[in-house]
Amino acid sequence: MGKIKFVADSACNLSSDLLKQFDISILPLCIIMGEQCYYDGQDITPEDIYKWSDANKTTPKTAAVTVEKAVEILRPFVEAERDIIFFGISSQLSATCDVIRTLSETTGDSRYGAIRVIDSRSLSTGISLQILYAASLAAVGKNADEIVELVNNRRDKVNASFLVDTMTYLARGGRCSSVTALLANTLKVKPKIEVTDGVLDIGRKYRGSPKFAIFRYVEDLKSQLLSADETCIFITHSGCSQEIIDDVWAYLADLHHFRRIYVTHSSGVIASHCGPGTLGIYFYKA
């Protein structure tokens, strides 16, 4: 077991294989449906969320990790005196980073104050890129402070975007008006959502079938992809068809640029806001 321990919140959307490979532990964010609160990825799935959302014509509320759950998961690593580095969803979108920063005050245990917190200023596998970069630094002997500095210095190189199939979930969550969503859905408009400085912006809008729109979105990234860091790239989706996923993977593979192409599924927190059929491409700009 290495001295450095990586921990992230559930918005990072890393697969179980990658979590195991790089010894990453997950702090689950909270999903509130009616009067019930669920831990993301532990006792609720995106499919459960879609069913509830459609039945109730609203989206669940989401919240930062609870202090109790954070302490439960972090305590063994704190007691083992490991150098914990925590990666959180953008602080512009969630209070999770603040929760981890204040654990020592909340618990009265000063040991939690030694946890290093990285605000990813991103979401989904935009966070994962930073975690895997940190793991590569640890593998060549960088210490925790050096890793935090290098990851933060490269943070603005993360290119994070995704294409939503329907604007219904964005409207239910208050991120666009119901009229806008209705018009967009009627006209089959699918907006590209970009993460800029930790917040979400609407970019180019695509029209057509899910397969057509997603492929146009990916093709429009080609020049950026060919100049991107070649280490790895993520395809992250919230329930796209296997045909679409395979086609996107094949397109990226045919570029002969990336050493690894990872495919991951969105967590409940991410899926609850973007809805089914969303697909995003995440990579480091060179």
Side-chain angles (χ1 to χ4, degrees), residues 9-19 26 28-33 38-62 89 93 122-128 160-173 175-176 181 184-185 188-195 200 202-203 205-218 221 233-252 261-283:
D9 65 43
S10 59
C12 74
N13 298 341
L14 276 169
S15 67
S16 57
D17 288 344
L18 289 174
L19 293 175
I26 294 295
L29 299 177
C30 297
I31 299 172
I32 304 164
M33 296 164 55
Y38 302 90
Y39 285 122
D40 187 15
Q42 291 191 358
D43 46 20
I44 194 168
T45 68
E47 289 71 26
D48 296 329
I49 293 169
Y50 299 149
K51 290 177 182 177
W52 183 90
S53 183
D54 289 342
N56 291 274
K57 307 302 180 186
T58 187
T59 54
K61 295 179 180 179
T62 56
I89 187 174
L93 304 172
S122 191
L123 51 70
S124 188
T125 42
I127 307 170
S128 301
S161 67
F162 53 94
L163 196 72
V164 297
D165 182 49
T166 172
M167 293 185 71
T168 299
Y169 286 76
L170 293 172
R172 289 173 179 172
R175 287 164 173 79
C176 71
N185 291 341
K188 296 185 178 181
V189 173
K190 306 176 192 308
K192 174 185 176 183
I193 310 298
E194 301 169 324
V195 184
L200 305 182
I202 295 181
K205 300 176 181 67
Y206 297 83
R207 294 182 64 178
S209 68
K211 182 176 181 178
F212 178 82
I214 286 174
F215 212 74
R216 286 291 306 277
Y217 153 67
V218 176
L221 290 171
I233 187 169
F234 281 90
I235 302 168
T236 303
H237 69 99
S238 63
C240 291
S241 72
Q242 192 60 49
E243 179 186 4
I244 288 176
I245 296 167
D246 289 344
D247 284 349
V248 172
W249 191 96
Y251 179 86
L252 296 178
I261 303 172
Y262 296 117
V263 177
T264 64
H265 197 291
S266 295
S267 66
V269 162
I270 300 298
S272 69
H273 293 295
C274 66
T278 296
L279 185 141
I281 302 293
Y282 301 80
F283 56 92

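- The two residues Cys30 and Val269 come nearest to each other via the heavy atoms O-CG2, 4.3 Å.
- At a cut-off of 3.5 Å, with distance as the only test, no side-chain donor of Thr264 or Thr125 sits close to an acceptor on the other residue.
- Between the side chain of Asp246 and the backbone N or O of Glu243 there is no donor-acceptor pair closer than 3.5 Å.
- Rounding to the nearest 0.5 Å gives a distance of 7.5 Å between SG of Cys240 and CG of Asp165.
- Of the candidates Asp40, Ile26, Leu29, Leu29 is the only one forming a side chain to side chain contact (heavy atoms under 4.5 Å, CB included) with Asp9.
- The shortest non-hydrogen separation linking Ala213 to Arg207 is CB-O, 4.3 Å.
- More than 12 heavy atoms of other residues, nucleotides or ligands lie within 6.0 Å of CH2 in Trp52, so this atom counts as buried by the packing criterion.
- Between Leu200 and His273 the shortest side-chain heavy-atom distance does not fall below 4.5 Å.
- In terms of the ring pair (Phe, Tyr, Trp, His ring centres under 6.0 Å) criterion, Tyr217 has no residue partners (sequence neighbours excluded).
- Atom OG1 of Thr236 and atom CD1 of Ile245 lie 10.0 Å apart (nearest 0.5 Å).
- Inspection of the Asn13 and Ser124 side chains reveals an N or O donor paired with an N or O acceptor under 3.5 Å.
- Separating the NE2 atom in His237 from the CD1 atom in Ile281 is a distance of 11.0 Å, to the nearest 0.5 Å.
- Looking at every heavy atom in both residues, Ser267 comes nearest to Ala11 through OG-CA, 3.9 Å.
- Contact check for Ser15 versus Tyr262: no side-chain heavy atoms found under the 4.5 Å cut-off.
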- prompt: After noting the C-alpha distance and the side-chain angles of Tyr50 and Ser238, does the key distance pass the side-chain contact (heavy atoms from CB on, under 4.5 Å) rule?
  reply: CA-CA 11 Å; Tyr50 299 149; Ser238 63; 3.4 Å; yes
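- One distance of note links CD1 of Ile31 with CD of Gln42; it measures 11.0 Å at 0.5 Å rounding.
- The two residues Ser272 and Pro60 come nearest to each other via the heavy atoms CB-CD, 4.1 Å.
- Separating the CG atom in Leu123 from the OH atom in Tyr282 is a distance of 5.5 Å, to the nearest 0.5 Å.
- Looking only at side-chain heavy atoms (C-beta outward), Phe215 and Ile244 stay at 4.5 Å or farther from each other.
- Across all non-hydrogen atoms, the minimal contact from Gly239 to His265 is N-NE2, 3.5 Å.
- Atom OG1 of Thr62 sits about 9.5 Å away from atom CD1 of Ile49, to the nearest 0.5 Å.
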- request: Step by step, work out the side-chain contact (heavy atoms from CB on, under 4.5 Å) result for Leu279 and Leu163.
  value: CA-CA 5 Å; Leu279 185 141; Leu163 196 72; 5.7 Å; no
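- Listed by chain and residue number, nothing satisfies the side chain to side chain donor-acceptor pair (under 3.5 Å) test with Tyr38 (two or more places apart in sequence, or in another chain).
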